[in-house]
Amino acid sequence: MIELKRLHKSYITGNNKLHVLKGLDLTIEQGELVSIMGSSGSGKSTLLNILGILDSYDQGSYKLNGTLMSNLTEKKAAHYRNNLLGFVFQSFNLISFKNAVENVALPLYYQGVSRKKRNKIALDYLDKMGLKDWAEHMPSELSGGQKQRVAIARAMISKPKVILADEPTGALDSATSIEVMELFREINKDGITMIIVTHEQDISEKTDRIIHLKDGIIEFEHNTKKLVYV
Ligand code: ADP
Ligand code: MG
């Protein structure tokens, strides 16, 4: 599903070059539930943004679903993003002046689905998240956990093969964080690949495979059953 080989990424600001990813190798199969751990600044978001085709890389290769992701036009990149990927962020990224159902329906708006049809589908997804009664509420009227469930419904509505989540529980209390992780586990049971960036040990322990990022490479991996050194 996802195959990174010898991946390099640097940021250049002025005369400074910051080498963030230094020849990273990683393979993630369809249906895996994976977390990426590492200290602040270790390159977790950089890696996730590359996986999400939101940013480019300098060297090496990234294959998504068998296709090499490099030198893509913005149109092609958007095509892969819209058809294969769903995104969940720490800060929810909901549109403040749209209600819950309209937020969830947004990806379908971009696909040209009629308002009536997209809102009906969005309501089904909100229902799956236990939020049917909150459909008409604005984001400001929702708790953090509810906002994140709206965001997850929005990520799900275009039927992605992979969900990429960057610190999805970073703004939530621990009880709500556990609920969100349980929701991710449920979603994963349907075969959707889940890649969750976190710096919290207890969150990563809810996944099946923990990938530790350090100094621009994968330092080691942790499986529920065994410890794998790479
Ligand atoms: P993490 O998500 O693990 O905290 P990031 O991937 O956000 O780490 O950042 C890795 C390093 O790259 C940090 O030192 C950060 O300051 C730097 N960085 C991230 N994005 C940019 C950017 N757009 N331009 C320059 N430097 C960046
Ligand atoms: Mg980050």
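Whatever order the structure lists ligands and atoms in, that order sets their numbers, starting from 1. Each residue takes its place number in the sequence, starting with 1. All of these numbers come straight from a predicted model, not from anything done at the bench.
- With hydrogens and angles left out, the side-chain atoms of His19 and His8 include a donor and acceptor closer than 3.5 Å.
- When hydrogens are left out, the protein atom nearest atom 27 (C) of ligand 1 is Tyr11 CD1, 3.3 Å; that is the closest non-hydrogen contact.
- Checked for salt-bridge contact, Glu182 and Arg185 miss the test: no charged N lies under 4.0 Å from a carboxylate O.
- The nearest protein atom to atom 9 (O) of ligand 1, hydrogens excluded, is given as Thr46 OG1, 3.9 Å; this is a heavy-atom distance.
- Using a 4.0 Å cut-off to heavy atoms of Ser39, the atoms of ligand 1 that qualify are 3 (O).
- At a cut-off of 3.5 Å, with distance as the only test, no side-chain donor of Ser158 or Tyr110 sits close to an acceptor on the other residue.
- In summary, the side chains of Thr67 and Asn65 do not present any donor paired with an acceptor at a separation below 3.5 Å, with no hydrogens or angles considered.
- In terms of N/O distances under 3.5 Å, ligand 1 is approached by Lys44.
- Ring-plane geometry between Phe87 and Phe89 is classed as parallel, the angle between the planes falling under 30 degrees on a 0 to 90 degree scale with a further cut at 60.
- Asn16 and Thr13 share no side-chain donor-acceptor pair at under 3.5 Å.
- Counting protein heavy atoms under 4.0 angstrom from atom 14 (O) of ligand 1 gives one or more.
- The protein heavy-atom contact nearest to atom 7 (O) of ligand 1 is Ser45 CB, 3.7 Å.
- Closest to atom 1 (P) of ligand 1 by heavy atom, among Gly41, Gly38, Ser10, is Gly41.
- With no hydrogens or angles considered, a side-chain donor-acceptor pair links His199 and Glu167 at under 3.5 Å.
- At a 3.5 angstrom cut-off on N or O pairs, Leu18 does not count as close to ligand 1.
- Between the choices Asn16, Val20, Ile36, Val197, the shortest heavy-atom distance to atom 12 (O) of ligand 1 belongs to Val20.
- None of the N, O or S atoms belonging to Ser40 lies under 2.8 Å away from the Mg ion (ligand 2).
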